[in-house]
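Chain A is the first sequence line, chain B the second, and so forth, proteins listed ahead of strands; every chain is numbered from 1.
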Amino acid sequence: MTRHYSALSLLREGLNGQRGWQPAWEDADPKPRYDAIVIGGGGHGLATAYYLAKNHGITKVALIERGWIGGGNTGRNTTIIRSNYFFPETAAFFEFALKLYEGLSHELNYNIMFSQRGMWMLGHDRHGMEMLRRSANAMRLNGIDAELHDEAAVRAEIPGLNTAARFPILGGLNQPRAGSARHDAVAWGYARGASALGVDIIQNCEVQGFLIEDGHVRGVETSRGTIRSETVGMAVAGHSTVVAEKAGVRLPINSYALQAFVSEPVKPCLDTVLLSPATGTYLSQSDKGELVIGAGLDLYLSYAQRGNLPWMERAAAGVIELFPAFSRMRFLRQWAGICDVVHDSTPIIGATDLGGFYVNCGWGTGGFKAIPAGGWCLAHAMATGTSHPLAAAFGIERFKTGALIDEASASGIAH
Amino acid sequence: MSGRRSEGGAIDRSKPISFRWAGKSYQGYAGDTLASALIANGVSIIGRSFKYHRPRGLIAAGLEEPNGIVQLEAGAVTVPNVKATQIELYEGLSATPVNAKPSVEFDLLAVNSLFKRFIPAAFYYKTFFWPSWRLFEPSIRKAAGLGDAPAERDPDHYEHRFAHVDTLIVGSGAAGLAAAEAAAALPGNERVMLVEADFEYGGGLLSAAEPVEGLAPLAWRDAALARLRAAPNMLLLNRTMASGFYDHGLVALYERVSDHLPPEQRSGPRQRLWKVRCKKVILATGAFERPIAFSGNDLPGVMLASAAQTYARRYGALAGTRAVLCTNNDGAYDAAFALHDLGCTVAAIVDSRAAPGAGADAARQRGIEILAGFVPLAAKGRRAVRGLEVAALGGGVRRRIACDTILTSDGWNPAVHLHSQAGGSLAYNEGLQAFLPKGAPQDAISVGAAAGILDSDTAIDAARAAMRGEPVEAPVQAAVGPTRRFADGDTRAQTAWLDFQNDVTVADVQLASRENFRSVEHLKRYTTLGMASDQGKTSNVAGIHVLSGLLKTPAPAIGTTKFRPPFDPVTIGAFAGRAVGEDLAPLARTPSHAAQVALGAKMENYGGWLRPAYFPQAGESEQQTIAREVHAVRRSAGLFDASTLGKIEVKGPDAAEFLQRIYVGGVRTLKVGQCRYGLMLSEHGIVYDDGVFARIGEDHFLVGTTSGHAAAITETLHEWLQCEWPHLRVLVENVTTGWAVMNIAGPKAREIFAAVGTDIDLSADAFAHMQYRAGTVGGVPARVQRVSFTGELSYEIAVPWGYGAALWDALMEAGQPHRITPFGVESLMAMRIEKGFLHVGSDTDGTTYPQDLGFGPAIAKKKDDFVGRRSTMRPDGLREDRRQLVGLEVTDGGPPIEVGAHVLPADATEARGTQGWVTSSVYSPTLERPIAMALVERGRDRMGETVRIWDLGQWRAARIADPRFFDPAGERTHG
Amino acid sequence: MLLITCPHCGPRAEIEYRCGGEAHVERPGPHDQVSDQAWADYLFYRANPKGGHRERWLHVAGCGQWFNVARDTITHEIAAVYPMGETLAEGSAA
């Protein structure tokens with residue numbers, strides 16, 4: 001059976017009718033007890049399981065997923081990876097994630113297609129340009145690549161931008177190392193890596209309750225029986241409050257639907273990721289040729305993962321404002337994911353009031369780019385009982401002390 | 001190459017149309033689609049597949065077509081990726097193939113096909129990352145994609161329409177027409193709407209031959225249409241597709257208004273997006289035929305039986321001269337008959353059932369051989385079908401049949417898309433081997449083929465019954481016959497296509513299953529099955545069947561992927577509608593706009609208002625203009641249109657008590673006729689807005705807000721009143737655009753104001769700084785506040801909006817002797833920075849508490865609670881190292897520091913870390929040196945301290961200072 | 001797109017409204033006697049249920065009035081609309 005992926009193994013399997021491939025990951029049935037349980041088979045949960053095994057040698061791990069792995073927001077986002085953050089805490093964390101992403105295809109022996117085509121934020125007025133400059137300086141002072149460019153440079157780099165715009169383009173901030181990746185591959189790559197290290201990946205297994213004694217978690221009740229462990233981590237963004245409530249843990253999270261759209265595939269016409277805060281447009285082109293367009297949140301509670309018209313209209317108008325020629329292209333598909341929204345748009349990673357129960361949640365609309373670091377830090381917390389230094393500021397107590405890290409309102413970055 | 005025109009069809013042979021395909025001229029007729037015209041002209045290769053670039057022909061006649069993807073027209077009106085089956089032929093039409101270089105006939109990337117066995121589904125996850133994906137990606141990207149994105153500005157416009165209906169019927173086949181008629185006749189149904197995606201009404205009737213309720217299909221349709229058109233409560237729309245079913249009965253319709261006309265004849269909107277709120281929806285959306293997977297089933301010449309039937313009967317276009325039908329059901333026999341009756345030889349009917357149904361006799365009467373219990377194994381030919389190898393289902397007997405056309409039918413999948421989008425669930429029907437709609441979500445009832453009812457008369461009866469409120473259930477009907485399943489490892493699976501556009505074969509599904517991508521969603525994402533521009537209309541269920549066979553799991557246990565809007569691609573422009581250009585976010589204009597433009601103002605967008613940045617004169621730089629305007633104000637007088645400032649009236653017995661809870665400072669003690677500066681916080685303690693409020697009566701306040709913030713503040717005040725303190729007797733009204741405001745500022749302001757004529761006593765004693773007076777100015781009612789953002793003697797004169805322009809003119813004229821100078825926002829900003837006045841949004845951000853701005857002592861003095869107060873008292877608000885707003889003096893002799901530069905300690909040696917940032921900066925014309933404001937850690941405790949400034953690699957030096965750079969005591973305002 | 005029946009203006013599309021989040025959240029006070037935790041509860045902690053939810057909405061592009069809505073967060077079905085200041089009897093909402 002072929003396990004390692006390479007051009008050579010593809011060649012060999014080609015001659016063999018592709019019949020010798022091992023399963024990418026093995027499906028497991030739950031055992032009665034594990035050293036650790038990770039709830040949630042999205043990118044963060046799978047990465048957590050992988051790093052528990054890889055970094056901490058904890059391989060007796062159950063990863064339990066209610067549906068199919070990678071089926072939540074990991075498989076529904078616009079796949080942008082960037083670390084253009086303003087505050088030192090968030091900058092350090094997301095830069096760490098980006099660096100892990102840079103090596104992830106090799107680490108996992110799985111092509112996640114991280115394409116560092118840059119990400120541009122456009123400035124449309126004087127104040128917008130001032131904010132971009134503030135961000136560019138903050139990024140560079142945090143050791144992150146950032147380039148501030150004037151209008152001519154923006155137009156040279158991004159052909160087709162509107163020359164008669166309602167929101168004139170005065171300049172832009174580029175993070176050259178940002179880009180996009182293949183979202184499913186991130187989930188599958190981590191699943192394959194975790195499975196190879198001995199993690200049990202258990203799909204179609206829903207958490208129905210928690211076993212709790214003396215203020216400490218002792219395991220979970222699931223649709224496939226009781227699974228015991230003294231250490232339980234949760235990474236179920238979108239449904240964090242629903243699952244945590246079963247453990248008696250309250251979280252300062254609202255669940256809102258976020259939509260995205262793709263156009264029909266066309267030949268290359270946009271070679272970077274583009275964000276225009278003033279028009280609310282978040283646009284890139286996938287390797288397959290589709291324009292991938294992110295919208296904003298529908299700001300009422302929703303657990304319905306389906307699209308809605310108002311944002312589709314706004315996103316369309318935003319795309320046309322930036323690229324008047326794209327008006328004649330066509331939307332192929334719209335969908336939605338459910339986001340954990342916290343007030344400051346900064347994640348919550350770490351311990352809770354329930355002993356042994358750790359959370360990774362509150363990603364807002366920006367969890368995909370953080371997957372490697374989110375998994376790394378949750379695994380660290382589960383394995384050591386202490387907060388990873390990179391996630392030290394992301395504790396839940398900040399909602400009490402007021403020490404919020406309000407990235408959105410501080411720098412105007414859409415999440 | 002064997003396609004040709006036969007007799008018959010609904011095309012108009014008296015109206016020939018010439019068109020161009022791939023650079024060559026052809027002729028078709030009115031009523032043709034591009035697809036039917038190409039078939040009639042013998043064009044068999046119409047595209048290349050996405051991955052292997054295999055030559056492909058049309059397999060369908062409707063919007064489910066996966067292969068016939070074209071680039072329609074060129075230049076500004078080009079549209080990529082249109083399905084040839086959806087393009088109505090018009091005179092002069094020009095279309096080209098996509099994804100093929102140099103041509104569909106000879107495509108260089110067809111070389112991919114040779115390596116096919118090395119590049120199966122998802123091969124790219126296993127390679128291309130050593131040393132880096134970046135090396136491989138560009139060529140992958142170039143190879144991917146179908147058509148070319150338009151490169152020119154879209155010359156067309158689009159619009160939105162809204163409608164509310166009692167019943168919407170989607171689809172105009174037999175069931176849809178019957179339901180529409182019944183709906184139109186229902187008492188109380190005042191508005192009924194029927195939409196048809198095609199340009200012709202009739203759906204399946206257009207290609208049927210069997211009588212419908214005793215009439216010829218088209219005669220029945222015409223009679224039904226005539227009755228519907230006569231119904232006063234009925235709206236019929238063709239070329240209109242229901243694209244999405246959303247919450248609470250909202251259906252989006254996509255109407256192609258003028259796409260069917262030659263470009264030069266188009267007028268009005270190109271397309272229209274309807275948003276229709278429906279009480280009831282009848283989904284008569286029909287069904288999609290399933291192709292059969294067998295080796296070589298993608299060869300040009302293999303097509304769906306129903307498509308061949310449609311091309312023949314509706315368009316009089318025959319795909320070939322010698323056809324074989326492969327089927328597992330009775331319905332497809334009609335396709336063979338259609339071809340046969342129009343002169344195409346039908347070499348055989350290959351029916352997987354051992355005992356074919358009722359069609360067999362009719363076939364034999366036509367002399368068509370039936371191979372019962374046989375299935376197709378492999379199509380023969382390289383670029384076109386030359387024959388078909390068939391085998392007995394159980395193995396054994398094989399036969400080869402010469403043919404140029406292969407029709408396939410593996411049964412039908414109801415078009416459950418809209419039902420599913422509406423929230424409906426699906427039930428698997430074993431007989432039909434298909435997912436059927438279950439229930440009526442949002443009162444949306446599926447009828448006809450969409451409900452699995454394939455017979456017209458039965459569908460009509462059921463549709464009528466549905467309108468009477470009776471449930472629709474698929475009748476027990478003859479089950480479809482078996483389908484040949486591929487054993488794992490069968491090499492024929494490698495050339496048995498499921499998803500034609502994305503090049504997904506049965507072998508790919510086998511590979512996915514082998515590698516544990518067994519959830520239907522994993523299968524889709526891993527192999528890309530169903531992700532092409534047809535969204536799997538012909539492939540999804542076929543893939544589920546293959547997976548079901550591999551896993552030995554029933555299809556319903558595997559389930560389907562989600563059906564997402566839109567049903568078929570919709571133009572981005574249609575979604576935007578009129579929200580393009582300035583209408584995307586219309587700019588507000590001030591009363592003096594025309595006068596300002598006439599004066600040469602450089603107008604810019606400031607928070608949605610078009611305002612003058614400054615008024616440049618010939619040869620002036622921005623800085624020179626600002627200096628001139630500032631000097632004019634400081635030395636004589638300037639005029640500024642301040643109409644954009646927010647003005648909110650707050651009135652009622654509890655008005656003072658209410659505002660006492662809103663503002664950081666005190667309100668209750670303010671005397672009538674007095675003004676006060678106030679700061680508002682969000683409940684999170686963050687500085688939200690600032691402005692001057694005036695008590696203009698005992699129970700009447702005028703609240704000033706920053707420009708562009710009036711609506712939001714009004715909304716916030718309402719929220720507090722209505723939701724938190726409903727017992728307070730207060731009215732809140734935003735009157736921002738009720739009152740124009742002209743700000744006359746400078747030492748000569750009083751003289752100029754007086755010259756305009758007012759009954760208000762302007763003497764310094766009678767009308768002091770920070771006071772309010774009402775009266776008349778220039779004969780019109782006026783509200784005047786003596787407040788100053790420039791640091792000079794200053795009046796803000798408010799008159800009814802309509803008088804604003806006149807007041808501007810009057811002040812400019814009255815100011816002539818003093819060389820009054822109009823000034824813009826940037827000059828105002830320069831002056832307020834000279835004064836160290838805060839600008840919320842520039843000098844504050846989403847982390848700024850009032851104590852950071854020096855309001856700590858004021859808060860300490862106030863006893864009462866106010867919005868946001870508690871938040872500022874959290875431990876984080878009490879931190880001593882918070883960033884505080886301070887002034888900066890540039891000490892390196894250089895130009896002004898850029899806003900957005902960061903502040904580092906004096907001993908900083910490397911560009912790491914930050915202590916804050918520059919929030920405002922200007923070259924002060926008055927002081928003749930650059931000055932700035934900044935939020936700096938512990939700033940107020942560091943007065944006089946030197947700091948280093950870092951800006952995009954450049955180091956600068958500055959000293960922390962009191963931001964009141966000019967006239968710190970404020971004496972000039974009291975003049 | 002939701003269709004919400006404003007008690008003052010009748011049924012109107014979602015785009016005319018703004019959702020103000022969970023209804024019936026009590027503002028604690030007085031400010032100098034509220035614990036940090038109680039204040040955090042008020043500011044940040046919500047029920048966020050999957051299912052029936054009571055929330056307040058503002059008819060921004062209409063009458064400018066706030067009112068309460070009982071809505072299901074999965075199906076988005078609206079069970080009741082009722083005025084500010086009133087509560088909904090148990091069992092009568094989604």
Go through the atoms of [X] and report whether side chain, backbone, both or neither lie under 4.5 Å from a heavy atom of chain A.
X: B/F245; value: neither
X: B/V899; value: both
X: B/W950; value: both
X: B/N502; value: side chain
X: B/I69; value: neither
X: B/A532; value: backbone
X: B/S533; value: both
X: B/P138; value: neither
X: B/A151; value: backbone
X: B/Y606; value: side chain
X: B/L511; value: side chain
X: B/Y158; value: side chain
X: B/A76; value: backbone
X: B/T78; value: backbone

Quiz item: Which residue pairs satisfy the salt bridge (Lys or Arg N to Asp or Glu O under 4.0 Å) criterion with at least one member in residues 18-28 of chain A, sequence neighbours excluded?
Solution: none
Quiz item: Can you list every pair that meets salt bridge (Lys or Arg N to Asp or Glu O under 4.0 Å) and has a residue in residues 105-116 of chain A, with sequence neighbours left out?
Solution: A/K54-A/E107
Quiz item: In terms of heavy-atom pairs under 4.5 Å, which option from A/H4, A/Q305, A/R117, A/R182 contacts chain B the most?
Solution: A/R117
Quiz prompt | Choice from A/W25, A/F261, A/W188 maximising heavy atom contacts with chain B below 4.5 Å | solution = A/W188
Donor-acceptor pair, [X] side chain versus [Y] backbone, under 3.5 Å?
X: A/Q203; Y: A/I69; result: yes
X: B/D154; Y: B/V77; result: no
X: B/R518; Y: B/S513; result: yes
X: B/T571; Y: A/R330; result: no
X: B/T127; Y: B/Y124; result: no
X: A/Q259; Y: A/N308; result: yes
X: A/N16; Y: A/Q18; result: no
X: A/E407; Y: A/S345; result: no
X: A/H106; Y: A/N111; result: no
X: B/N605; Y: B/G608; result: yes

Exercise. Identify whether NZ of Lys or CZ of Arg in A/K288 sits under 6.0 Å from the centre of the six-membered ring of B/F50 and within 45° of that ring's axis.
Key: yes
Given a strict heavy-atom distance threshold of 4.5 Å, which part of [X] is in contact with chain B: side chain, backbone, both, or neither?
X: A/N109; result: both
X: A/Q116; result: backbone
X: A/A165; result: neither
X: A/Q22; result: backbone
X: A/R314; result: neither
X: A/S286; result: backbone
X: A/A187; result: neither
X: A/L10; result: both
X: A/L15; result: both
X: A/I320; result: side chain
X: A/F167; result: side chain
X: A/H343; result: side chain
X: A/R192; result: neither

Exercise. Determine the option with the most heavy-atom pairs under 4.5 angstrom with chain A, choosing from B/D156, B/I140, B/T914, B/T491.
Key: B/D156
Exercise. Could you tell me the separation between the CZ atom of A/R140 and the CG atom of B/L952, rounded to the nearest 0.5 Å?
Key: 5.5 Å
Quiz item: Hey, are A/T2 and A/E13 close enough side-chain-wise for a donor-acceptor pair under 3.5 Å?
Solution: yes
Quiz item: Is there a donor in the side chain of B/R134 and an acceptor in the side chain of B/S132, or the other way round, less than 3.5 Å apart?
Solution: no
Exercise. Kindly determine whether B/Q421 and A/R306 satisfy side chain to side chain donor-acceptor pair (under 3.5 Å), including the steps that lead there.
Key: CA-CA 8 Å; B/Q421 289 171 22; A/R306 58 176 179 260; over 6 Å; no
